[in-house]
Protein chains: 2
Amino acid sequence: MTDGTISAADIGHGPLYKRVKSLLTQSLADGEWKPNEAIPSESRLAERFDVSIGTVRKAIDELTAERILVRQQGRGTFVAAHTQNRFLYHFYHVVDEDGIKRFPTPELLQFRRTRAEPHVATRLGIEKGARVIHVRNLLRIEGAPVEVNDIYLDAEVFEGLDRDTFSNRPGTIYQLYQERFRLNIIRTMEQLRAVAIGEAEAPLLQLEQNAPVLQVARVAYTYHSQPVEYRCSLVNTTHHVYQSDQEVRG
Amino acid sequence: MTDGTISAADIGHGPLYKRVKSLLTQSLADGEWKPNEAIPSESRLAERFDVSIGTVRKAIDELTAERILVRQQGRGTFVAAHTQNRFLYHFYHVVDEDGIKRFPTPELLQFRRTRAEPHVATRLGIEKGARVIHVRNLLRIEGAPVEVNDIYLDAEVFEGLDRDTFSNRPGTIYQLYQERFRLNIIRTMEQLRAVAIGEAEAPLLQLEQNAPVLQVARVAYTYHSQPVEYRCSLVNTTHHVYQSDQEVRG
DNA sequence: AAGTGGTCTAGACCACCAT
DNA sequence: TGGTGGTCTAGACCACTTA
């Protein structure tokens, strides 16, 4: 290294393309390129990291497979942004009985600041009793209420978030996280069980008390598997189902 | 083409590697290479299809991403076979409250031949009233009954399958499909809802009648998205959850 | 026309496994 | 030691977008 460039070969270990990938991920986490922006072209990145273009391509291949980047032939490679369609496709699994996925309309029921109970703290990776924001939403599909969700956010991370921002937003919640707080959700983990609905929630979903509903506990992660949101939902599966596909590609 | 080789360039359209991929998939579907067998080396396949080794690699890359093939450095590339671990990892989503996945022990409750009801026929892509095999199993985890499942199979496809074969098998059900019927399950689609358990099933899961249980309706597919099995399960989620991960790679 | 990603090739070398 | 997959390179050409 006699010139001023940073070579990917100089740092870390393992395959070169993995090192390039982690340099790219780091730049993304640092906000060097923002959602919907193009990253530099493959040839520029090859120069910057002092590797061949094929090696850059292999790193980008993996990042696109993880849906962190999106390629567009002739235009460039872009940082994946949360759109309604992306949300629907990757993070929303409720479909109606015909198998059709429709975009739900949210209604803000509650916005408050509180302290993290143990199960919330565990999932968010914060201290028990730490300040959190709790939001409750009702989701309707074609007018019918199908889901209540309770969202928990680390108040330190989401400093300044208020009720108005939440209720008057144009797109999805993950778009809000991205645009206001630079937190790009790239992965979720969900745990499902069947429970009897309580008296507080039953009327919201127009169900009898103790009716069976699907409980979905979701943790959403950003880069480096850092938890960002914990969400616990109750879904009325009388006329809707939760759909899960395994290995669809090809 | 003056010699006797078959060139991938001679048939179909689109990228070469996609054509190579579909030639490979066809050979797999035809049973040219059986589960656990090695397919020819990349250089041999390159000769056979008259393409460069890089093009073969790209085709195999996609097939390994879909978990249809498995590479082993220094040994070769193998047709993915169903093993207990693969089943656990890709097709079984029930974990206990600590998040630990344990292998369930099946007990055969019923094995009978019947006619396909409409919802079964639809999912299996066969005629209503066609002959089907219906199997009911009880799954226990560490002794506790957690899941009842009703499996429906096209009797024409599973010609000769009998109760004994089903109950005295060593591995998973998908291993049985693979070894006896050459049907390799490579993809599943599941639909989940919460339902009240009926009086017939409640005692099996040691629950009160009308207790909420998770209903999982799964269709399992082989190559070319051909449906092979329809399975409807009821899961006691009192001490277990259904876990779903999105985008884990990297 | 210039720039981007997409495909395909050919060859080198490495890491790993069997013998 | 020879064969396998794994990585990396360099270059050619194609398809698509933008100006």
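The chains referred to below are lettered A, B, ... by the order of the sequence lines, with proteins before strands, and numbering in each begins at 1. Remember, predicted model here, so these are calculated numbers, not experimental data.
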Inset, instruction - Measure the spacing between CZ of A:R187 and CD of A:E66 and express it to the nearest 0.5 Å. - result: 10.5 Å
Legend entry - Positive for side chain to side chain contact (heavy atoms under 4.5 Å, CB included) with A:I141, one of A:I100, A:V146, A:V95: A:V146
Inset, instruction - Select one nucleotide: of C:dT4, D:dT7, C:dT7, the one nearest the side-chain heavy atoms of A:P15. - result: D:dT7
Legend entry - Residues which pass ring pair (Phe, Tyr, Trp, His ring centres under 6.0 Å) with A:Y230, listed by chain and number, not counting sequence neighbours: A:H119, A:Y152
Legend entry - Rounded interatomic separation in angstrom, taking CZ from A:R44 and P from C:dG5: 10 Å
Inset, instruction - Please list, chain by chain and in numerical order, all residues satisfying salt bridge (charged side-chain N to carboxylate O under 4.0 Å, His left out) with B:R193, sequence neighbours excluded. - result: A:E97
Legend entry - Nearest-Å distance for atom pair CD1/C1', residues B:I60 and D:dT4: 11 Å
Inset, instruction - Measure the angle between the two terminal helix axes of the helix from C:dA1-D:dT18 to C:dA18-D:dT1, five base pairs each, and quote it to 10°. - result: 0°
Inset, instruction - Would you mind reading off the distance between A:K58 atom NZ and C:dG6 atom P, rounded to a whole angstrom? - result: 16 Å
Inset, instruction - Provide, to the nearest angstrom, the distance between the OH atom belonging to B:Y17 and the P atom belonging to D:dC13. - result: 21 Å
Inset, instruction - Grab the CZ-P distance between B:R57 and D:dT4 for me, whole Å please. - result: 13 Å
Inset, instruction - Report the residues that fulfil ring pair (Phe, Tyr, Trp, His ring centres under 6.0 Å) with A:F103, sequence neighbours left out, ordered by chain and then residue number. - result: none
Legend entry - Partners meeting salt bridge (charged side-chain N to carboxylate O under 4.0 Å, His left out) with B:R44 (sequence neighbours left out): none
Legend entry - All side chain to side chain contact (heavy atoms under 4.5 Å, CB included) counterparts of B:R182, not counting sequence neighbours: B:K34
Inset, instruction - Take atom CZ of A:R19 and atom C1' of D:dC8, then tell me their distance rounded to the nearest Å. - result: 11 Å
Please list, one pair per line, the donor and acceptor atoms closer than 3.5 Å that link side chains of residues 72-82 of chain A to other protein atoms, with sequence neighbours excluded.
| from | atom 1 | to | atom 2 | distance (Å) |
| --- | --- | --- | --- | --- |
| A:Q72 | OE1 | A:R75 | NE | 3.1 |
| A:H82 | NE2 | A:N184 | OD1 | 3.2 |
| A:H82 | NE2 | A:I185 | N | 3.4 |
| A:H82 | NE2 | A:I185 | O | 2.9 |

Legend entry - Proximity to DNA chain C (any heavy atom under 4.0 Å), residues of residues 25-42 of chain B only: none
Legend entry - Residues in ring pair (Phe, Tyr, Trp, His ring centres under 6.0 Å) contact with A:Y177, at least two apart in sequence or another chain: A:F158, A:Y174
Between the protein and nucleotides 17-19 of chain D, which nitrogen or oxygen pairs come in under 3.5 angstrom?
| from | atom 1 | to | atom 2 | distance (Å) |
| --- | --- | --- | --- | --- |
| D:dT18 | OP1 | A:R75 | NH1 | 3.0 |

So which protein N/O to nucleotides 9-11 of chain D N/O distances come out below 3.5 Å?
| from | atom 1 | to | atom 2 | distance (Å) |
| --- | --- | --- | --- | --- |
| D:dT9 | OP2 | A:S52 | N | 2.9 |
| D:dT9 | OP2 | A:S52 | OG | 3.0 |
| D:dT9 | OP2 | A:T55 | OG1 | 2.4 |

Legend entry - Under the side chain to side chain donor-acceptor pair (under 3.5 Å) test, residues paired with B:Q243 that sit two or more places apart: A:Q191
Legend entry - Sidechain N-carboxylate O distance under 4.0 Å for A:K58, A:E42: no
